[in-house]
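All remarks here apply to the structure that follows.
Note that ligands are numbered from 1 as they come in the structure, with each ligand's atoms numbered from 1 the same way.
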Amino acid sequence: MKREKSEALFEKAKTYFPGGVNSPVRAFRSVGGTPLFIQKGKGAHIWDADGNEFIDYCGSWGPLILGHANPKVVDAIKKTVENGSSFGAPTALENELAELILANNKYIEKLRFVSSGTEAVMSAIRLARGYTKRNKILKFEGCYHGHSDSLLVKAGSGLVTFGNTSSAGVPEGVVNDTIVVSLNNEEAVKQAFAEFKDQIACVIIEPVPANNGLLLQRKEYLQFLRDICTENKTLLIFDEVINGFRIGFDGAAGYYKIQPDIITYGKIIGGGLPVGMYGASAEIMGHISPEGGVYQAGTLSGNPVAMAAGIAQLTECLKPNFYQDLEKKTSFLIDSIFKNLSTPIANFKIFQIGSIFWIAFTDKEFVRSAEEIDGDSMKYFRILHKELLERGVYLGPSGYEVGFVCEAHTMDDLERTAKAFAEALAVAMK
Ligand SMILES: *Cc1c(COP(=O)(O)O)cnc(C)c1O
């Protein structure tokens, strides 16, 4: 496989950007080698600068549920941008996307559009603090919520800890308001509520944690969080930036039938353009400016071109059986991978929910917390990733990341992928 053009572009990029990239995981550090510079995408396929073609399971890290350059999304973008790209004044398209969402999601009544998942979560945290007049937040080790200061905090060594910053530049004062506990551990949450009685503004969780492996939680655990938040007048935030519109149109709240107090969305909602949102009851959202005292704003919020892309994509997601078909395809892919193996591999698993899958080298039946992931097993993923690239299959370049099946994957794509996996795994497990 030729890599010369990508390699030359990466050399140049390193002179412009830290690590040669504009978002760290793209640098291929955890799998080694040079990132592929992508030239174009169509359906489930992408082509790099050297003309190599791949079946793509990264899907821009989740947003592209219809695949690349879906004609309806492309048309909507073109038609809209011809009439101007931003006004800093309201447009009907914002109403249209909001109606589409609210008519099909009974877990929120009002919403605010922003421009990224990070911004959505950061704003939701401020709203929770403003609403409860409390400062502390509780998060879980193994959940990612974007890169705002109060959330770049990882667990320390105790059961209930103020975390350590997971980034330089995050002030200690901020860290001291973030409590970090393990997933799937009710005791730790109870202890945190006992220790910080009447101080916790919100509990924030990815109800389908999918940024550090796929750490599927038990419904009873999510219900436990709902109940303990209610008892303590603490808001429960579901960060559904990755699983929203992915495991169903109404995301994890609809899947588990649990009513959180605030929900954040991103990724799929923008049809491949930068959109995020947060939503809640009308009463809670009434605390956002200009109605209430919690300030939050954005020059490009509700951007018409991005709204049009979101409307086009979400309209497709509402077609009958859209999510069932995606789930079936994903199960077919996973079954085919196992069927194609020449010998069974005891410590090779693929976890799935809807069209999200995660490849794990573990003999555990369930992996529900970050501590249960064996970092050493990533050595297998590194080889698998490289061997799959050689065979025309593109996974996100980290064993901690999940893969996505999109509407555009064909049966032929899935069968070819399964064959490639069998060969690549044989090399990885040697
Ligand atoms: C991707 C993601 C974010 C951050 O969204 P950006 O658009 O990258 O800022 C936040 N939370 C979750 C759960 C995510 O998956």
Side-chain angles (χ1 to χ4, degrees), residues 21-27 57-65 111-128 137-154 166-167 170 178 180 183 202-217 222 225 236-248 250-253 255-256 260 262-279 296 298 300-303 306-307 309-310 313 353-358 370 396-398 400-404:
V21 289
N22 287 295
S23 193
V25 73
R26 295 180 197 169
Y57 293 93
C58 175
S60 186
W61 302 101
L64 303 180
I65 195 163
L111 60 90
R112 172 64 63 82
F113 288 121
V114 293
S115 300
S116 71
T118 295
E119 216 186 327
V121 176
M122 182 184 80
S123 310
I125 297 279
R126 186 179 304 134
L127 172 57
I137 65 174
L138 187 147
K139 77 180 278 284
F140 298 89
E141 184 71 6
C143 286
Y144 177 68
H145 301 293
H147 63 89
S148 66
D149 281 358
S150 30
L151 294 159
L152 283 181
V153 178
K154 59 177 191 284
S166 52
S167 164
V170 175
T178 302
V180 188
L183 282 163
C202 63
V203 167
I204 181 165
I205 188 167
E206 281 182 80
V208 177
N211 279 286
N212 185 72
L214 181 62
L215 306 173
L216 294 174
Q217 300 300 295
L222 297 172
L225 295 179
L236 177 63
I237 303 178
F238 273 7
D239 178 1
E240 303 211 32
V241 169
I242 202 162
N243 72 251
F245 307 102
R246 170 61 68 179
I247 62 168
D250 54 3
Y255 184 90
Y256 292 109
I262 306 177
I263 310 183
T264 56
Y265 296 109
K267 299 199 166 106
I268 290 174
I269 198 175
L273 295 191
V275 182
M277 65 151 266
Y278 59 104
Q296 185 272 308
L300 293 176
S301 293
N303 174 268
M307 294 289 107
Q313 175 148 287
I353 182 168
S355 53
I356 308 177
F357 64 90
W358 178 49
S398 161
Y400 290 92
E401 302 286 352
V402 295
F404 302 96

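With no hydrogens or angles considered, no side-chain donor-acceptor pair links Arg126 and Gln296 at under 3.5 Å. Asn211 and Glu206 form a side-chain donor-acceptor contact under 3.5 Å, judged by distance and modelled atom types alone. Arg112 and Ser123 share no donor-acceptor pair across their side chains, judged by distance under 3.5 Å alone.
Against a heavy-atom cut-off of under 4.0 Å, Gly117 is close to the following atoms of ligand 1: 4 (C), 5 (O), 6 (P), 7 (O), 9 (O). Atom numbering of ligand 1 starts at 1 in the shown order; those under 4.0 Å from a heavy atom of Glu206 are 13 (C). Applying the 4.0 Å criterion to heavy atoms of Thr118 picks out, from ligand 1, the atoms 4 (C), 5 (O), 6 (P), 9 (O). Atoms of ligand 1 found under 4.0 Å from any heavy atom of Asn211, numbered from 1 in the order shown, are 12 (C), 13 (C), 14 (C), 15 (O). Each of the following atoms of ligand 1 lies closer than 4.0 Å to a heavy atom of His145: 10 (C), 11 (N). The contact set between ligand 1 and Asp239, taken as ligand atoms under 4.0 Å from a residue heavy atom, comprises 10 (C), 11 (N), 12 (C), 13 (C). Applying the 4.0 Å criterion to heavy atoms of Ser116 picks out, from ligand 1, the atoms 7 (O), 9 (O).
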*After noting the C-alpha distance and the side-chain angles of Tyr278 and Ile263, does the key distance pass the side-chain contact (heavy atoms from CB on, under 4.5 Å) rule?*
CA-CA 6 Å; Tyr278 59 104; Ile263 310 183; over 6 Å; no

*Step-by-step side-chain contact (heavy atoms from CB on, under 4.5 Å) determination, Cys202 to Leu236*: CA-CA 6 Å; Cys202 63; Leu236 177 63; over 6 Å; no

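Of the protein's non-hydrogen atoms, the one nearest atom 3 (C) of ligand 1 is Val241 CG1, 3.7 Å.
Heavy-atom distances between Glu240 and ligand 1 stay at or above 4.0 Å for every pair.
The two residues Val114 and Ser301 have their closest heavy-atom pair at CA-OG, 3.9 Å.
Taking the six-membered ring where the residue is Trp, the centroids of Tyr265 and Phe245 are separated by under 6.0 Å.
With a 4.0 Å cut-off on non-hydrogen atoms, Lys267 touches ligand 1 through its side chain and not its backbone.
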